[in-house]
Amino acid sequence: MSLFMAITISLSLWTNFAKAVPIPGTHVLAPEVNVSDVYAHWPTYDQLPLNPSFPTKAAWGVWGPDDELGTLNHITPETIKAALAEVREGIAISLNLDLDVPHPPLFPTRTPLVHTFLAQTGFQDDIVTINTQISTQYDGLRHFPYSTNGNISTYRKVFSQFYNDLLTFDEIFSGEGVKTLGIQNAANKGIAGRAVLLDWAGWMESKNATFDVFSPMNITADELDAVAEWQGMNSSSFTRPGDFLIIRTGFGKEYAALPVHEQLVLPFRENSTFLGVETSEKTLAWIWEKKLALVGADNVGFEVFPFDSSVRDGRSLHEVFLSGWGQSIVELLDLEELSENCHRLSKFTFFFTIQLLNVAGGVASPANTLAIL
Ligand SMILES: *[C@@H]1O[C@H](CO)[C@@H](O)[C@H](O)[C@H]1NC(C)=O
Ligand SMILES: *[C@@H]1O[C@H](CO)[C@@H](O)[C@H](O)[C@H]1NC(C)=O
Ligand SMILES: *[C@@H]1O[C@H](CO)[C@@H](O)[C@H](O)[C@H]1NC(C)=O
Ligand SMILES: *[C@@H]1O[C@H](CO)[C@@H](O)[C@H](O)[C@H]1NC(C)=O
Ligand SMILES: *[C@@H]1O[C@H](CO)[C@@H](O)[C@H](O)[C@H]1NC(C)=O
Ligand SMILES: *[C@@H]1O[C@H](CO)[C@@H](O)[C@H](O)[C@H]1NC(C)=O
């Protein structure tokens, strides 16, 4: 585009900024966006946030000021119908770990699954109590607000810091019937479409490169492009809007291979570290431009842990994804059987669905993922 066009576009965005005067602690007054044709004026990564007073790289207002679905809006009847073409072999593979794996949970504040039986007269029930963060999980939009360098006293500096400024931290705990940004939105949306697997661990192994899944090693966007090429895909066009991007880091395989006594002590390491996707502006730009509905991985938090604060203002990917873009993160996926089949068929795209627990006001849910090749 010409420089003149660029200036005109930024001027028109600026006119919109000027109209949107944020009021701390109230709902966002977003710039004018045509929600029925959001791609006509799709903001580039550099144009985020639409209002300079919104938090770092937030996409607040992109789908309208009251939107609660975020990037799930990329899923449409057209993307679902197109994804049906990915079903060729008739192989359906669950990507869910046993709900009690990892055991014990990887962070000591999270208690293990409790499964009990209730004897009735002539039949039986069972009762399952879980922290939704302990196994294969779908992080919803109540999970992780913006803060500054993880400092929770900065939560309410300007906004409540959840997606579209629709919720305050205390509303989650106060009850009072507030269900805003709960997992029920994603549960009722109907998550189905095309997914792409990038087997980073397989690519590393093919190069005889060593890596430690229990170290804070970065997986970069450049590496993920190289993985796509290694899998025979075009790194400029291997995803489509509405896709679910899944990364195999090798964590699941390494964890499963640990002797039981090492699994038992893993949560109690002095400084817990796990490899993951690099927390950087480059990663954010790479993902935003792809218009993905969801991202996921077989590791602990998708991004490297502990969360790096390299993104401007000390942000993690969790903050920008969940509370900036309304983009959920699927973690601790079981990708072993899937990746074996993808390599055997030389086909790394497939149909996928997710069915979430329909808990009004829920923070997260077991992911209940199904891949169909
Ligand atoms: C919004 O987009 C729709 C679909 O392209 C179009 O029909 C409508 O005229 C647009 N509205 C405005 C206000 O531009
Ligand atoms: C957290 O933020 C508050 C408010 O800005 C500030 O006073 C405090 O020093 C910060 N704490 C840390 C550990 O950075
Ligand atoms: C990796 O190691 C194997 C076994 O030593 C060897 O056959 C292969 O050539 C190596 N591959 C690369 C890319 O170095
Ligand atoms: C990972 O990437 C971040 C952000 O670019 C950087 O600050 C950090 O040093 C990197 N960590 C390692 C172990 O290379
Ligand atoms: C890869 O995709 C880009 C973008 O669609 C296209 O311009 C390019 O020609 C493709 N490259 C190959 C080798 O097909
Ligand atoms: C854990 O982190 C602290 C603070 O950075 C450091 O002093 C300590 O040496 C680390 N321990 C280990 C086992 O790496």
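Keep in mind that what you see is a predicted model, and the values were worked out from it rather than measured. Ligands are counted one by one from 1 in listed order, and the atoms in each one are counted from 1 as well.
Every N/O-N/O distance between Lys207 and ligand 3 stays at or above 3.5 Å.
Not a single heavy atom of Met217 sits less than 4.0 Å from an atom of ligand 4.
Shown in contact with Ser310 at under 4.0 Å from a heavy atom are these atoms of ligand 4, numbered in order with element: 3 (C), 4 (C), 7 (O). Atoms of ligand 5 found under 4.0 Å from any heavy atom of Asn234, numbered from 1 in the order shown, are 1 (C), 2 (O), 3 (C), 8 (C), 10 (C), 11 (N), 12 (C), 14 (O). The Thr279 neighbourhood of ligand 4 comprises atoms 4 (C), with distances under 4.0 Å to a heavy atom of that residue. Under a 4.0 Å criterion applied to the non-hydrogen atoms of Asn218, ligand 4 contributes the atoms 1 (C), 2 (O), 3 (C), 8 (C), 10 (C), 11 (N), 12 (C), 14 (O). Heavy-atom contacts of Ser237 reach the following atoms of ligand 5: 1 (C), 2 (O), 5 (O) (cutoff under 4.0 Å). Per-residue contacts place Pro216 under 4.0 angstrom from the following atoms of ligand 4 (heavy atoms of the residue considered): 13 (C). Ligand 3 places these atoms under 4.0 Å from at least one heavy atom of Ser206: 13 (C).
Inspection of the Gln137 and Thr132 side chains reveals no N or O donor paired with an N or O acceptor under 3.5 Å. Checked by atom type, the side-chain pair Asn188/Asn358 shows a donor-acceptor distance below 3.5 Å. For the 3.5 Å distance criterion, the side chains of Asn51 and Ser53 qualify, holding a donor opposite an acceptor. Between the side chains of Asp313 and Thr56, at least one donor N or O sits under 3.5 Å from an acceptor N or O. Asp100 and His115 share no donor-acceptor pair across their side chains, judged by distance under 3.5 Å alone.
Ring-plane geometry between Phe352 and Phe244 is classed as tilted, the angle between the planes lying from 30 to 60 degrees on a 0 to 90 degree scale. Between Phe305 and Phe274, the ring planes lie tilted relative to each other; the angle falls in the 30° to 60° range.
When non-hydrogen atoms are compared, ligand 4 lies under 4.0 Å from neither the backbone nor the side chain of Val304.
Note: the hydrophobic cluster containing Tyr39 also contains Ile75 (ILVMFWY, side chain heavy atoms under 4.5 Å, direct or indirect links).
Of all protein heavy atoms, the one lying nearest to atom 1 (C) of ligand 3 is Asn208 ND2, 1.5 Å. Taking atom 6 (C) of ligand 4 as the reference point, the nearest protein heavy-atom neighbour is Asp308 OD2, 3.9 Å.
Within 4.0 Å of atom 4 (C) of ligand 3, not a single protein heavy atom is present. For atom 9 (O) of ligand 4, the protein comes within 4.0 Å by no heavy atom at all.
To the nearest 0.5 Å, the span separating CG on Leu292 from OG on Ser328 amounts to 13.0 Å.
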